[in-house]
Amino acid sequence: MRRVASLPFLLVAGILIGALAACGTGRRVDGPVAQAIAQDPQLAHGQQVFMRACHQCHPRGETGLGPALNNKYVPAFLIRSQIRLGLGAMPAFPQSVLSSEELDAVVRYIQLLQYDVPAPPA
């Protein structure tokens, strides 16, 4: 009878451990990334814009409703085009929604999230 009583505890403990392990995926904005943001006002602004306009679908630059942004190198002009024009499920963010200054800042921030992903050879 004692074994049956401990079964629900083990089940709940296993679910909690699994949930906590799933929370640790992807790179987080810390270490050199956080230091760069603290030292560069444009990157700090880019992070604010990202949190306002992008975070809902790309949480911390990781996979959410949209794909991960921090696991591959993407050139700035492609990031700008995707943001301005939108494709697939992603909405467009025209000048009336995201100024050129905000666009430049968020592109720099996204590229910072990709900082340790090697750029392809030129």
Side-chain angles (χ1 to χ4, degrees):
M1 191 69 152
R2 185 131 164 81
R3 278 187 145 169
V4 174
S6 67
L7 185 60
F9 171 77
L10 293 175
L11 181 62
V12 170
I15 291 171
L16 287 174
I17 290 170
L20 289 174
C23 292
T25 62
R27 291 190 306 272
R28 302 206 186 268
V29 180
D30 57 5
V33 175
Q35 186 177 8
I37 292 167
Q39 294 174 351
D40 187 328
Q42 187 187 32
L43 286 173
H45 183 60
Q47 183 182 39
Q48 292 170 348
V49 173
F50 184 89
M51 294 306 287
R52 183 185 80 225
C54 312
H55 180 76
Q56 301 88 322
C57 297
H58 307 279
R60 297 182 314 273
E62 298 171 11
T63 302
L65 293 174
L69 305 175
N70 65 354
N71 65 349
K72 61 192 146 303
Y73 172 78
V74 179
F77 79 92
L78 286 178
I79 297 171
R80 280 188 177 82
S81 297
Q82 180 72 29
I83 292 170
R84 282 291 188 226
L85 304 174
L87 284 173
M90 182 171 164
F93 289 84
Q95 178 82 24
S96 60
V97 176
L98 209 63
S99 71
S100 293
E101 177 188 319
E102 290 173 319
L103 180 62
D104 290 344
V106 79
V107 167
R108 275 200 66 214
Y109 177 73
I110 291 169
Q111 288 188 314
L112 178 67
L113 293 179
Q114 304 169 355
Y115 80 96
D116 64 347
V117 177

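Counting from 1, the numbers follow the sequence of the chain as shown. Keep in mind that the numbers below use all heavy atoms, side chains included, and drop hydrogens, waters and symmetry copies.
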Residues 34-44 vs salt bridge (Lys or Arg N to Asp or Glu O under 4.0 Å), sequence neighbours excluded, gives Asp40-Arg108
Does some side-chain heavy atom of Tyr115 sit less than 4.5 Å from a side-chain heavy atom of Val33?
-> yes
Output all residues satisfying salt bridge (Lys or Arg N to Asp or Glu O under 4.0 Å) with Arg84, sequence neighbours left out; order by chain, then residue number.
-> none
Results of side-chain hydrogen bond (donor to acceptor under 3.5 Å, both in side chains) for Ser100 - residues two or more places apart only = Gln95
Smallest heavy-atom separation, Leu113 atom then Gly61 atom, equals CD1-CA, 4.0 Å
Looking only at non-hydrogen atoms, find the nearest pair between Val107 and Ala76 and report the distance.
-> CG1-CB, 3.8 Å
Is there a side-chain contact between Glu102 and Arg52 (heavy atoms, below 4.5 Å)?
-> yes
Report whether Phe77 and Leu85 are members of the same hydrophobic cluster (ILVMFWY, side-chain heavy atoms less than 4.5 Å apart, transitive linking).
-> no
If you round to the nearest 0.5 Å, how far is NE2 of His58 from CD1 of Ile110?
-> 7.5 Å
Are any non-hydrogen side-chain atoms of Ile79 and Gln114 less than 4.5 angstrom apart?
-> yes
Hits for side-chain contact (heavy atoms from CB on, under 4.5 Å) against Pro59, two or more places apart or cross-chain, chain-then-number order -> His55
Supply the atom-to-atom distance Cys54 SG to Leu98 CG, rounded to the nearest 0.5 angstrom.
-> 7.5 Å
Test item: Leu69 and Phe50 side chains (from C-beta on) under 4.5 Å apart, heavy atoms | yes
Test item: Gln56 and Leu65 side chains (from C-beta on) under 4.5 Å apart, heavy atoms = no
Would you name the heavy atoms of Gln47 and Ile37 that are closest together and state the gap between them?
-> OE1-CG2, 3.5 Å
Less than 4.5 Å apart, any side-chain heavy atom of Asp104 and any of Arg80?
-> yes
CD (Gln48) and OH (Tyr109) are apart, to the nearest 0.5 Å, by 10.5 Å
All side-chain contact (heavy atoms from CB on, under 4.5 Å) counterparts of Gln82, not counting sequence neighbours = Leu87, Met90
Partner set under side-chain contact (heavy atoms from CB on, under 4.5 Å) for Val97, not counting sequence neighbours | Phe93, Pro94
